[in-house]
Structures are given as structure tokens and as C-alpha cells.
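Read the structure below first, then the notes.
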Amino acid sequence: MTKYIFVTGGVTSSLGKGIIAASLAKLLQARGFTTTIQKFDPYINVDPGTLNPYEHGECYVTEDGAETDLDLGHYERYLNTYTSQANNVTTGRIYQYVINKEREGAYLGKTVQVIPHITDEIKRRMKLLGETNQFDVVITELGGTVGDIESLPYIEAVRQLKWEMGSSCIVVHLTLIPYLKAAKELKTKPTQHSVKLMSEHGLSPDVLVCRTEEPLYKDLKKKIALFCNVTIDAVIEALDADSIYMVPVEMMREKLDVTCLTKLGMPLGKEPDLTRWKEFLNKLRFPKNRVVIGLIGKYVELQDAYKSILEALIHAGAMNECKVEVRNIHSEYLTRENAIEKLQNVDAILVAPGFGSRGTEGKIEAIRYARENKVPFFGICLGMQMACIEFARNVLNMPKAHSTEMDPDTNQGVISMMESQKKVTMKGGTMRLGSFKCTLEEDSASAEIYGGMYITERHRHRYEFNNEYLEAFREAGFTPAGKNPDTDLVEIVELKDHPFYIGVQFHPEYKSTVENPHPLFVAFVKAAIEAQKEKAPAHSLKNTALV
Ligand code: GLN
């Protein structure tokens with residue numbers, strides 16, 4: 001029978017519930033249990049696809065084309081298994097379903113209410129993955145913080161499930177133990193309050209994971225256990241870590257997995273086998289090289305906007321035993337005049353995905369710089385589209401070249417909207433989404449990097465390379481190295497006579513995991529290392545000044 005672990009958060013947001021949930025899942029997986037993680041988000045949007053990065057950070061896309069919360073990215077990166085639409089549910093989705101059922105007349109004249117109709121639908125979805133019989137343990141992360149008005153139906157649903165399932169269901173509560181510098185003391189009161197708040201709703205945590213800057217000494221753990229009604233082994237210290245990838249090891253030291261399994265009445269399985277994970281950590285912590293990669297985007301000031309790209313660079317860096325320092329370069333402020341000053345000290349250039357025209361001219365300038373100076377270049381989605389525009393404008397002599405997204409009236413639309421997209425009026429969930437096949441050209445750099453010709457990658461966009469211009473590009477050495485075999489859409493572009501110049505219409509970053517770093521990112525970091533070696537020593541000295 002599938003067991004359920006719910007992860008809630010208290011005191012404040014941003015404590016890292018997703019990382020704790022993923023770390024616990026990793027440890028259970030390493031003990032031989034099958035496990036998955038799902039996230040329930042309490043906002044009214046049906047999915048985060050319509051939220052901009054200022055609101056919600058990156059939108060993560062799964063194989064089946066679900067636009068989801070970025071925590072699903074952590075789940076996949078840690079577990080090395082796929083998630084799907086079923087792994088991310090929002091209040092909007094729950095209400096949409098219940099309201100549609102009401103319109104169908106399914107409630108037979110009843111008043112439709114938060115309790116029981118909304119909570120029943122929450123419970124049904126919480127059990128959905130468990131009922132597939134594929135998993136020994138389903139971990140459910142509840143978005144938001146206990147005490148939020150919008151979280152209440154979720155807390156109530158978990159209360160009911162705990163009542164129904166007994167010891168097959170436990171709650172892990174992530175909380176903060178702040179350190180007051182002036183008093184030189186760790187404070188437990190906010191945690192006590194947050195547990196009390198939960199208990200007012202009939203729910204009490206079985207395990208407390210305590211985020212802290214300072215180690216929790218024994219007496220403090222005792223005090224927390226006493227005031228919060230948990231056993232002392234269930235007070236887990238979660239010290240701030242240098243890297244999110246250290247957290248599973250920290251949680252193993254604190255026996256979070258053992259405590260949870262014991263409380264669920266499960267056998268402990270084998271000792272967790274984290275050999276590959278630790279190999280990765282060693283490479284991450286003791287790099288032999290260091291490169292600087294310029295990340296060109298309009299959201300670089302937000303730490304979550306390009307989450308999967310940053311993580312993929314970390315995976316690829318470790319694979320190359322190289323520390324990747326990302327230099328954030330705001331595309332809006334990058335111009336032809338300052339391109340040299342801003343880009344001369346980076347070893348490689350990555351142009352980020354995006355929507356809308358803000359910052360696109362800066363992206364084009366960065367790509368021109370990379371092409372002309374033979375700096376390794378990697379363009380993702382909008383980054384690839386801007387590479388096509390840059391090449392058309394500056395090499396193919398098409399001054400008006402653009403994407404019809406930014407300039408709907410251009411007569412040189414080298415990037416244009418797919419026919420199938422032209423009739424679409426609704427914004428939510430209507431892009432080209434999820435996994436699509438791609439066939440690589442035999443002699444392409446991509447085929448060599450992937451080590452084969454047939455791949456699948458995840459997409460999230462509306463615009464495409466316009467095949468009317470394909471021959472002109474190809475003749476000039478700019479080749480469609482990968483195409484969709486069913487639709488003939490260009491998925492990868494490459495430039496000949498360049499050390500590394502690859503643009504991809506898809507998002508390879510979504511598929512990079514700790515155990516399977518993405519080959520394109522690995523090759524890109526490798527190209528950055530080579531590029532650095534070829535530079536004068538004085539140049540690499542300049543790299544130390546990071547912006
Ligand atoms: N805005 C572009 C499109 O819709 C690129 C999207 C992206 O970078 N994800 O095609």
C-alpha cells in the first residue's frame with residue numbers, strides 16, 4: 001500500500017520545502033523505494049504558465065507538456081525520473097474541475113461548498129499518483145505557508161486524509177529557527193506558534209525540519225520536541241548549506257529518512273546508496289578549472305527566472321570538473337557600443353529564452369559578438385531565434401529581419417508563427433508544449449554531442465524558424481542541424497567554422513539531472529574551458545571581477 005508524506009511550511013516562505021521534499025525522496029529512492037513528489041499550489045491560476053518570472057520564477061515544462069511550478073524541476077533533477085501534469089495541481093485547477101462538474105449537473109441539486117466538494121477533489125488528486133500502484137511513497141508538497149487563508153482547504157484535506165489513513169500518512173513541517181545576533185540565541189517561538197496554528201486546524205506535524213543558521217544543540221531540540229508534540233528524533237536540523245545538492249547528505253546525517261519510514265511503519269530498506277550523488281558532489285566541491293559564462297537575459301536579476309539553466313550549468317560544470325561562474329548580463333542594457341566592455345571577459349555566451357521585445361536587441365548584439373569573435377555560443381528558444389535574426393541581418397543582408405512576435409509587419413520574418421498557432425486566442429496552455437522528436441543531421445556537431453541522431457526534447461513557444469529562408473541560411477554556413485521529422489520544423493541551428501555555436505528551439509535545461517547532465521550543456525562548458533585556454537593569461541586574470 002502506498003504511503004503518503006505531506007510537506008508543509010511554517011513561519012515564512014522560501015525555506016526550501018521543494019529541496020527538503022526532493023532530498024527526502026532521494027534518500028527513500030536510494031534505499032530502494034519507488035517514490036514521486038507532487039506539489040499543490042494554492043493560487044487561482046490554473047497553472048503557472050501565464051505568470052511572469054517576477055511573480056513566479058521559471059515555468060518548468062514536463063514531458064507531457066504541463067506548465068508547472070519550478071519545484072518539479074528540482075524533483076526531476078534529484079530523482080532522475082519524469083514528473084507529469086498530475087504532479088502539479090493548483091487551486092485554480094481544482095475549482096475549474098468542480099465548477100465544470102457543477103455545470104454538468106453532477107452534484108444533483110446539492111449546494112457546492114469548499115467542504116466537502118473542494119476538499120474531496122483535493123483529496124482525490126492527492127491520492128491519484130498513489131493509486132497507480134507505481135509508488136511505495138508519494139510525497140506531497142503544499143505550497144504557501146501554514147496560516148495563509150488560501151492554504152486552509154489543503155490543510156483540511158490533509159487532516160481528513162490523516163484521519164482516514166492513520167499511520168500510512170505523516171506530516172513533515174518545515175520551519176525556521178531564527179538566530180538573534182544581539183542575543184546570540186536561536187529562537188524557537190516562531191516554530192511553536194506555527195505548530196500551534198496548525199493544531200488549531202486539527203493537524204499536527206509528525207516531523208519538524210528546522211531551517212537554521214546555527215547548529216541546533218541537544219537541549220534546544222528537546223525544547224522544540226516538548227513544545228511541539230513530536231519525538232526528539234523527529235526534530236531535524238537543516239543547517240544552511242553551500243549548495244542545494246548537499247541537502248540530501250545533510251538529511252541523511254540527521255536521519256530524516258529513517259524517522260519518516262519508522263513513523264510510517266515501513267521497513268528501512270537497504271542503507272541509502274548515494275555513491276553517484278557523492279561523486280557528483282566531490283566534483284562540484286573540488287573543481288580543477290573555472291570558467292565564466294555570460295548569461296544574457298532580461299530577468300537576470302531574479303534568482304529563479306532561469307533556474308533550470310543555472311542548475312544545468314552546475315551539472316555540466318561538475319561533469320567537466322569545472323566551476324561555472326555565471327555572469328549576469330542584462331540584455332536590455334547591452335548595446336553595440338558596450339558589447340566589448342561587457343563581453344570581453346566571459347569565456348562563453350548563453351542567450352536565454354524569453355517572450356516579448358524587451359532586451360531582444362541586446363541579445364542580438366551578444367550573438368553578433370559571439371559569432372564574430374568565435375566565442376562559444378549557446379542560444380535557447382528565444383536565444384536561438386535571435387541567432388537566426390542576427391545572422392539574417394548581419395550576414396545575409398536582410399536589415400529588416402525579425403520575428404513576427406516583435407515586428408508583426410516585417411516582410412523578412414525569418415522567425416514566424418506556426419500556422420496552427422494563428423487561430424489560437426487563449427493564452428493558457430496553448431503554446432507548442434512538451435516533448436517532441438528531433439532528427440539530427442549526420443555530420444552535425446549536435447549529432448556528435450548527443451552521440452546519436454534521434455532525440456526528444458521539451459518545447460515551450462509559439463514561433464518557429466521560417467523554412468522559406470532555409471536554403472539561404474544553409475548556403476551561408478548556418479545549418480539546420482536538427483529537424484522535427486513529422487513537421488519539418490527546424491529545432492537546432494549550427495554555424496560552421498565556429499568552435500561552438502548552437503541554437504536550440506527547445507529547452508534542453510529541463511532534462512538535465514544530477515545523474516544525467518545534459519550533453520549540450522556538458523559540451524558547452526567544455527567549449528568554454530577550451531576557449532579560456534586559448535586566451536592570453538592576462539585575460540583570465542580579468543575574470544575575477546564579477547558583476
Ligand atoms: N517568445 C518565443 C516564442 O514564443 C520564444 C519562447 C521561449 O523562449 N520559450 O516562440
Side-chain angles (χ1 to χ4, degrees), residues 47-54 56-63 65-68 70 73 295-300 302 304-310 312 331-332 349-364 366-367 377-390 392 401-408 410 413-436 438 457-467 469 480 482 484 487 489-493 502-512 518 520:
D47 61 42
T50 50
L51 293 170
N52 77 39
Y54 289 107
H56 198 268
E58 166 190 280
C59 172
Y60 185 77
V61 178
T62 55
E63 283 291 291
E67 295 180 284
T68 71
L70 57 81
L295 173 65
I296 323 293
K298 65 174 168 176
Y299 296 118
V300 285
L302 304 175
D304 284 346
Y306 304 116
K307 195 80 199 162
S308 294
I309 291 178
L310 298 179
S331 51
E332 218 180 335
I349 292 174
L350 193 156
V351 179
F355 295 83
S357 57
R358 183 165 71 93
T360 47
E361 292 304 317
K363 286 185 170 171
I364 290 171
I367 298 164
F377 161 71
F378 191 15
I380 300 180
C381 208
L382 186 69
M384 171 269 197
Q385 297 175 352
M386 291 303 120
C388 301
I389 292 164
E390 188 282 320
H402 223 316
S403 163
T404 55
E405 178 181 4
M406 287 80 199
D407 181 1
T410 179
V414 290
I415 304 295
S416 63
M417 193 179 257
M418 284 174 266
E419 272 313 306
S420 57
Q421 282 286 336
K422 290 187 179 156
K423 293 166 240 113
V424 175
T425 53
M426 301 282 267
K427 290 276 184 269
T430 54
M431 281 186 248
R432 181 181 175 207
L433 287 166
S435 184
F436 287 87
C438 172
E457 290 284 1
R458 299 182 198 171
H459 291 246
R460 182 175 187 250
H461 56 103
R462 288 185 209 281
Y463 295 83
E464 301 282 352
F465 183 85
N466 182 345
N467 280 346
Y469 297 97
N484 181 309
T487 54
L489 292 170
V490 174
E491 311 286 42
I492 307 182
V493 295
I502 294 182
V504 290
Q505 185 57 83
F506 47 79
H507 290 264
E509 69 274 21
Y510 294 144
K511 277 173 78 170
S512 184
H518 196 287
L520 286 176

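Remember, it's a predicted structure, so these values are computed and weren't measured experimentally. The basis for the numbers below is simple: all heavy atoms, side chains too, and nothing from hydrogens, waters or symmetry mates. In this chain, numbering begins with 1 at the start of the sequence shown. Numbering of ligands and ligand atoms starts at 1, following listing order.
A side-chain N or O of Ser308 and one of Glu58 form a donor-acceptor pair less than 3.5 Å apart. Side-chain contact, Glu405 with His461: no donor N or O sits under 3.5 Å from an acceptor N or O. With 3.5 Å as the limit, one finds a donor-acceptor pair spanning the side chains of Thr430 and Arg462. Using modelled atom types, one finds no donor on one side chain facing an acceptor on the other under 3.5 Å when comparing Gln421 with Glu464.
Tyr510 and Tyr60 have perpendicular rings, their planes meeting at more than 60° on a 0 to 90° scale where under 30° would count as parallel.
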Check ligand 1 against the protein and report each N/O to N/O distance under 3.5 Å, formatted as atom name, atom name, distance.
from, atom 1, to, atom 2, distance (Å)
ligand 1, 1 (N), Gly354, O, 2.9
ligand 1, 1 (N), Glu405, OE1, 2.7
ligand 1, 1 (N), Glu405, OE2, 3.1
ligand 1, 4 (O), Arg462, N, 3.0
ligand 1, 8 (O), Gly354, N, 2.9
ligand 1, 8 (O), Gly354, O, 3.3
ligand 1, 8 (O), Leu382, N, 3.0
ligand 1, 9 (N), Arg460, O, 2.9
ligand 1, 9 (N), His507, NE2, 3.2
ligand 1, 10 (O), Gln385, NE2, 3.1
ligand 1, 10 (O), Arg462, N, 3.2
ligand 1, 10 (O), Tyr463, N, 2.8

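With salt bridges taken as basic N to acidic carboxylate O contacts below 4.0 Å, one links Glu491 and Arg432.
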